[in-house]
Amino acid sequence: MITFDGVTKRYADGTVAVDDLSLEAPTGEITVLVGPSGCGKTTSLRMINRMIDATEGRVLIDGVDVRTVDPPTLRRGIGYVIQQAGLFPHRKIVDNVATVPHLLGWDRRKARARAMELLERVGLDPGLAGRYPFQLSGGQQQRVGVARALAADPPVLLMDEPFSAVDPVVRASLQEELLRLQAEFTKTIVFVTHDIDEAVKLGDRVAVLRVGGRMAQLADPATLLARPADDFVAEFLGRDRGIRRLSFVSGEGLRLRTDLTAPASAEVSSVRGTAAPWLAVVDADDRPLGWVRVGELPESGTLADVRLAPYGTFVRGRDSLRGALDATLLSPSGNAIAVDDSGRVRGVLTRETLEEALRQAAGGAGGARA
Amino acid sequence: MPGVPVREEPLVRWDWIGRNWPAIQALLADHAVMALVPVAVGLLVALPVGLAGARWRGLYQPTVGVVNVVYSLPSLAVFIVLIPVTGLATRMTVMVPLAFYALAVLIPAVVDGLASVPGHVRQSAVAMGFTPLRRLLRVELPIAVPVVLAGLRVATVSSVSLVSVGALVGRGGLGYLFIDGWQRQFPTPIVVGIALVVLLAAVADTLLVLAQRLLTPWARARGTA
């Protein structure tokens, strides 16, 4: 656990970068520091590995004041990832990753083997090991940066806007990758960003800082979206808070109807008597094909001959209430088709059931993480 | 030269070169030593001075100011001033000023080279747990190499060219051939001198380029890194 205990950073010219910050970053969790520029988030991060020393207060790692540890020794036990990856341009990728093991005096062969292993873990082709950083794309460089930070298996990882210099598609995949790695390695991560969406996506806990280095709110993402502490936090969270919060409400418990699906091979006459206005048509493999309006069925033939309306799906057990809501909005039927991980239809979520769930979510205090 | 009338003096008389070849070789060797030793000494001095200049920026400007004033002095004038100290027609009289000229190019090259280390690279080295000395030796200096080598190429070529001026104070390597040819109205030594000075500069430069290729394969096609 990393503890900030009344930490203040004041510069010689009187500027206060961090003002009486108290915060705990629990072991094995991702704590995100987020705020506008000038809120002291990077300064706070750097006080953990003593790239900056606090003016007042203490920073503790598992109860040990970092000021009592020699900085190079301290830093070799803390992984660090920065915005432009900060790779050494004159060293091959494998040597970049093996940097800290080398500094720790590992046997050369062991350090290289470890580096190769990590390149694979972060999803990089081991064939890149012999390249130089300039030969890699920005996203690849950032993955190398993460591999390098993990090389000596430090319990703590500091990440300073690591994904903000890459394009949105790459950023999203790097974020997914981080969550996957975190599930595997379970590090104590302190992550700095100015992007509230990133904070909410990655953080187990999010600390919102305001300019001048004061804590505005510390909460889990769902609580943050549901109950921002003040106008500053609400404004910083931005628009669509209500909808974004639904990402944190599980869609697991949604009641599905299984009587509103019909195979494409079914005769029109056999479904004409259905009480519901819409039916979901599925193929022989149980995959969704579209919606048919019961009142507009032709005289004869099978459902395969009917023109189908578009549909939306959500994955049962994986997608949140937000995914379910999105799926209902993609179809004129107003219903969503629930599928399992392999894409087979499990049932239909009606607008009525969804609305009931939305009402509960709005009343509840947050709900489970999706 | 075939086709040139016999009575007119040809541009190059190959028989003169043949007869004087041992003397020409000696001049070439002398020229090479007087050109290259000052650059080597200059580099050895420029490294610590440049490191100091990069660390304490306040020191850098005055240092460059002083060295630039030295650089602005005409080489011939400096040679003449030095004669009472280092002697007439000695190598030292030529090499001391040339070492200062090399410094004038190399100190900024070292400082600029260190400044070419991207901030995020330096920061990540700190954050990885490099000690300051190790960071300098393993990260900052290697990354500074391309810029320092570029300065070294300029210093080397200009040093090779400047040695010739020393002929006016009795020690100019191949420069002697210019004075000899001019005094005797005899073009062959002049042509030979020019050709060998250019050749020496080209060889030295090529060696430095090869060294750069070998030392910094990572800089061959600098991209975003």
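Order of the sequence lines fixes the chain letters, A, B, ..., with proteins taken first and strands second; residue numbering starts at 1 for each chain.
Neither the backbone nor the side chain of Arg122(B) comes within less than 4.5 Å of any heavy atom in chain A. Only the backbone of Ile78(A) comes within less than 4.5 Å of a heavy atom in chain B; its side chain stays farther off. With a 4.5 Å cut-off on non-hydrogen atoms, Ile82(A) touches chain B through its side chain but not through its backbone. Residue contact with chain B, scored on non-hydrogen atoms closer than 4.5 Å, is absent for Arg50(A).
Counting non-hydrogen atoms of neighbouring residues, nucleotides and ligands closer than 6.0 angstrom, the CZ atom of Arg109(A) reaches no more than 12 such neighbours. In the displayed structure, Tyr101(B) atom OH is contacted under 6.0 Å by more than 12 heavy atoms of other residues, nucleotides or ligands. In this structure, Arg180(A) places its CZ atom where more than 12 heavy-atom neighbours from other residues, nucleotides or ligands lie under 6.0 Å away. The 12-atom threshold is exceeded at OH of Tyr60(B), counting heavy atoms of other residues, nucleotides or ligands nearer than 6.0 Å. Counted within 6.0 Å of CZ on Arg138(B), heavy atoms from surrounding residues, nucleotides or ligands total 12 or fewer; the atom is thus considered open. Counted within 6.0 Å of OH on Tyr176(B), heavy atoms from surrounding residues, nucleotides or ligands total 12 or fewer; the atom is thus considered open.
Residue Tyr132(A) comes nearest to Pro217(B) through the heavy atom pair OH-CG, 3.3 Å, listed as atom of the first residue, atom of the second, then distance. Here the closest heavy-atom approach between residue Leu87(A) and residue Val121(B) is recorded as O-CG2, 3.3 Å. Minimum interatomic distance between Ala127(B) and Tyr80(A) (heavy atoms only, all atoms of both residues): CB-CD2, 3.3 Å.
The shortest side-chain heavy-atom distance between Gln83(A) and His120(B) does not fall under the 4.5 Å cut-off. At least one side-chain heavy atom of Val126(B) sits less than 4.5 Å from a side-chain heavy atom of Arg75(A). Considering only heavy atoms from C-beta on, His90(A) stays 4.5 Å or farther from Val145(B) through its side chain. Between Arg46(A) and Gln123(B) there is a side-chain heavy-atom pair separated by less than 4.5 Å. Side-chain atoms of Trp218(B) and Pro133(A), non-hydrogen and from C-beta on, never get closer than 4.5 Å to each other. The side-chain heavy atoms of Arg148(A) and Ser124(B), taken from C-beta on, include a pair separated by under 4.5 Å.
Heavy-atom pairs under 4.5 Å with chain B peak, among Gln135(A), Gln84(A), Lys92(A), at Gln84(A). Put simply, of Val100(A), Leu74(A), Leu103(A), the one with the most heavy-atom pairs under 4.5 Å next to chain B is Leu103(A).
With rounding to the nearest 0.5 angstrom, the CE atom of Met128(B) is 9.5 Å from the CG atom of Asn49(A).
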